[in-house]
**Student:** 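Mind looking over this structure? Questions follow.
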Amino acid sequence: MPSFPGGIHPDDCKGQTRDRKIEKIPLPDKLIIPLSQHIGNPAKCKVKVGETVLKGQVIGDADGFVSLPVHASSSGEVTAVENSPHPQGKRSPAIVIKTDGRDQAVKEFGLQRNWEQLSVHELIQFVKEAGIAGLGGAAFPAHVKLSPPPEKKIDLLLINGAECEPFLTADHRLMLEQSEEILQGIRILLTILGLENCLIGIEENKRECYEALVSGIRIKGLSGIKPVLLPVKYPQGSESQLIYSLTGREVPSGGLPLDIGIVVQNVGTAAALFHGVARNIPLISRVVTVTGAAVRKPGNYLVPLGTQISRLLEFCEADLGRTGKVICGGPLMGISQPTLDAPVIKGTCGILLQGSNFSADTEWGNCIRCGRCIRSCPTLLLPVTIAALSRKDRFTECREYGLLDCKECGCCSFVCPAKIPLTHYIKLAKYHLLKEQHQQNKSGA
Amino acid sequence: MPKLTISSAPHIRAEHSIQSIMLDVLFALLPAALAGIYFFGLKSLLLIATCVITCVAVEWLYQNACGFRITVSDLSAAVTGLLLALVLPPQTPWWAAGTGSIVAILVTKQFFGGLGHNIFNPALIGRAFLMASWPAYMTTWAQPAGLYSHDWLSLTDAVTGATPLALAKTGQYTSQIDLFLGSVGGCVGETSALALLLGACYLLLRGHIGWQTPASYLGTVALLSWVLGENGFFTGHPMFHLLAGGLILGAFFMATDPVTTPLTGKGKIIFGLGAGILTVVIRKYGGYPEGVCYSILLMNAVTPLIDRFTAKRRLEAGK
């Protein structure tokens, strides 16, 4: 099976939720909808406190090309526009809605469109209007990837169904339960890009998803779409690694997949895109895996965006008394939450809860130069060297060792026998370097 | 409000630790240690105990005295002690072995900053120090006795003789089966190729050592010893040179010490190549019959340089 260099093999821990059907959670009485749920400019708020909003109504306008609108996930009254906790750690502006329980939608909501009669320009416009961000975690606005500059020739669409992070099964369930929507979404993507061919990368521990998609393709008589099984290896679902596994092409340093003619979208994004374009249902909910030893009702839940983590956990009967860490995302790249008030946003693929068996990074030993971090690095960097330079504040030298190519996948920290938080120091170096550059740019201008 | 822990990703870690790796190394050295005790008797066991206990005790005392974090539980000092004992002649006096252990742990490791910061392999520095200080003890070789000999329990001097490499300098070659099993004169843990290879396989399978250093080291020695034969070019005995002396112990357990050898695969190959050339040159043209110890120490010294020039190509450096 095709693969990429480096990588790790953590226990996939998916057994707790992989067979649980996607379940809708009841509407919470309060929604916190951040204006920034994607990479790029935050949306501009267009509602006022006291205003009544309907489900699917645009409450924040896209601010520029790399930006997305945000929609109300349910009907109710805007009670505040304020800085609220954000799952990425810091507080950010959000629209708070007190739901009225009626879940009343705007008139055009759910309107079927015959997308095959739309022009590429219109399709892209609908993708943007539906607020589609990548659902894999990075939350890159989908329409941006679909509008490559004319000099970049795109020749292949890749769909990411790897879901390589342990514990997460949201994409797994989606591929089983909504394979038809995903395939329709892929057809829309192919139409927009003017392509014939698409590969869907799926890790081998999701063989049933592969089979579901293969039979879906056969029934619909689709040609050009080909699911491919990949070995179970983290970070198989990282964009660069997926591209390397499926095509052998390398994304250049500092470049993007479109530089080598490739567009990558997540399976969840494909499904959301279908709903947005063909059914006029904007991205207002997503599948979230809630799991961990302290969760009594683990599963895959369809959650309205803006639902607070605390409400979701309440519904899943999480035992918060013995909780050590609550992680937004997977265990390797997810963010540990300082508060449970933060909401589920477009990029939230999972909420993990665990007691003592999540590492707390308290004490670590000396580096014994075993080289495991180097062998595990999928970008072929020298994590130990970069982290050591970072600890000495030599950030410019970090850059010479490829610091900015690091995807922060966490493999190096995972394998380190001395338990040194290598990824942490590498992130720190990036932060300082980018801050320095920012200040230089400001003083230079 | 529940108590929440926050920390940087990743939130899961692999199960192995420095301690578990060192434990595996100790386990891998067990066959060689047992072979040494079998061939050279109870005095080998005492030698091993002296070195291991001294190394661990010295590390503990030093860290206590300086108020450092006590790290003897990581087992690295025990590994150093065992390795040192295995590269000493069986009848090395206990005080010499103890002194070598102190030099290994205190001077080579702790004075440089402890585990991970030492430039040279501590066990090999311990041996080199003893070689320089008491060469007479370090070049008197007990002949193997074996369990069924009355000699086994004897702690006094046994029958002594030359090692296979010393004999080879005069043109006598020991039988290869004896070399492979280990019933020849030599250091405690280096005579039995069989026992060492068992341990080496374990380390390779567990992923603790790479194939690069042993392969390039052994390959270079085999090739060069064949090319530079006594009776002109291409007349050497590669198999003899592979099995004799401490080459196998050195190649699998010393030249693969992560702390003092290069980080990347390419660097490891260069390290093995250099050590191989030095070993053959010392064996053939040097004053000592054996070149493994010094070849690895010399390569330890150039490891930072090798690391500097073998930094890896980045996957996304573009074409």
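These values consider heavy atoms only, across backbone and side chains, with no hydrogens, waters or symmetry-generated copies. A, B, ... follow the sequence lines: proteins, then strands. Residue 1 opens every chain.
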**Student:** Which heavy atom of B:Ile12 sits nearest to which heavy atom of A:Pro10, and what is that distance?
**Tutor:** CD1-CB, 4.1 Å
**Student:** With a 4.5 Å limit on heavy-atom distance, are the side chains of A:Leu382 and B:Thr264 in contact?
**Tutor:** yes
**Student:** Pick one of side chain, backbone, both or neither for A:Glu408, based on which atoms fall under 4.5 Å of a heavy atom in chain B.
**Tutor:** neither
**Student:** Check each atom of A:Ile335 against the heavy atoms of chain B and say whether the ones under 4.5 Å are side chain, backbone, both or neither.
**Tutor:** backbone
**Student:** Can you find a pair of side-chain heavy atoms, one from B:Glu15 and one from A:Asp11, that are under 4.5 Å apart?
**Tutor:** no
**Student:** Which heavy atom of B:Ser17 sits nearest a heavy atom of A:Lys419, and at what distance?
**Tutor:** CB-CE, 4.4 Å
**Student:** Regarding B:His117 and A:Arg369, do their side chains bring together a donor and an acceptor under 3.5 Å, going by distance alone?
**Tutor:** no
**Student:** Are more than 12 heavy atoms, taken from residues, nucleotides or ligands other than A:Gln88, located less than 6.0 Å from that residue's CD atom?
**Tutor:** no
**Student:** Under a 4.5 Å heavy-atom cutoff, which of B:Asp257, B:Thr71, B:Asp307, B:Asp74 has the most pairs with chain A?
**Tutor:** B:Asp307
**Student:** Taking all non-hydrogen atoms of both residues into account, name the closest pair between A:Pro417 and B:Ile21 and its distance.
**Tutor:** CB-CD1, 3.6 Å
**Student:** Just verifying a value: how many Å separate B:Arg13 CZ and A:Trp364 CH2, rounded to the nearest 0.5 Å?
**Tutor:** 9.0 Å
**Student:** How far apart are the closest heavy atoms of B:Arg69 and A:Gly365, and which atoms are they?
**Tutor:** NH2-CA, 4.0 Å
**Student:** Any side-chain heavy atom of A:Ser413 within less than 4.5 Å of one from B:Pro10?
**Tutor:** yes
**Student:** So which residue, A:Cys412, A:Cys411, A:Ser310, A:Cys367, ends up with the most heavy-atom pairs under 4.5 Å with chain B?
**Tutor:** A:Cys367
**Student:** So for A:Cys370, is it side chain, backbone, both, or neither that comes closer than 4.5 Å to the heavy atoms of chain B?
**Tutor:** both
**Student:** If you count heavy-atom pairs under 4.5 Å between each of B:Ile209, B:Val259, B:Thr256, B:Thr261 and chain A, which one has the most?
**Tutor:** B:Val259
**Student:** Please find the pair of heavy atoms, one from A:Asn366 and one from B:Gly113, that lie closest to each other, and give the distance.
**Tutor:** ND2-O, 4.1 Å
**Student:** Judged by atom type as modelled, is there a donor-acceptor pair below 3.5 Å linking the side chain of B:His16 to the main-chain atoms of A:Cys416?
**Tutor:** no
**Student:** Is the shortest heavy-atom distance from the side chain of B:Leu4 to the side chain of A:Leu340 under 4.5 Å?
**Tutor:** yes
**Student:** Rounded to the nearest 0.5 Å, how far does NZ of A:Lys427 lie from OG of B:Ser8?
**Tutor:** 4.0 Å
**Student:** Working to the nearest 0.5 angstrom, can you tell me the gap between B:Ser7 OG and A:Ile327 CD1?
**Tutor:** 7.5 Å
**Student:** By a 4.5 Å heavy-atom criterion (distance strictly below it), what part of B:Leu115 contacts chain A: side chain, backbone, both, or neither?
**Tutor:** both
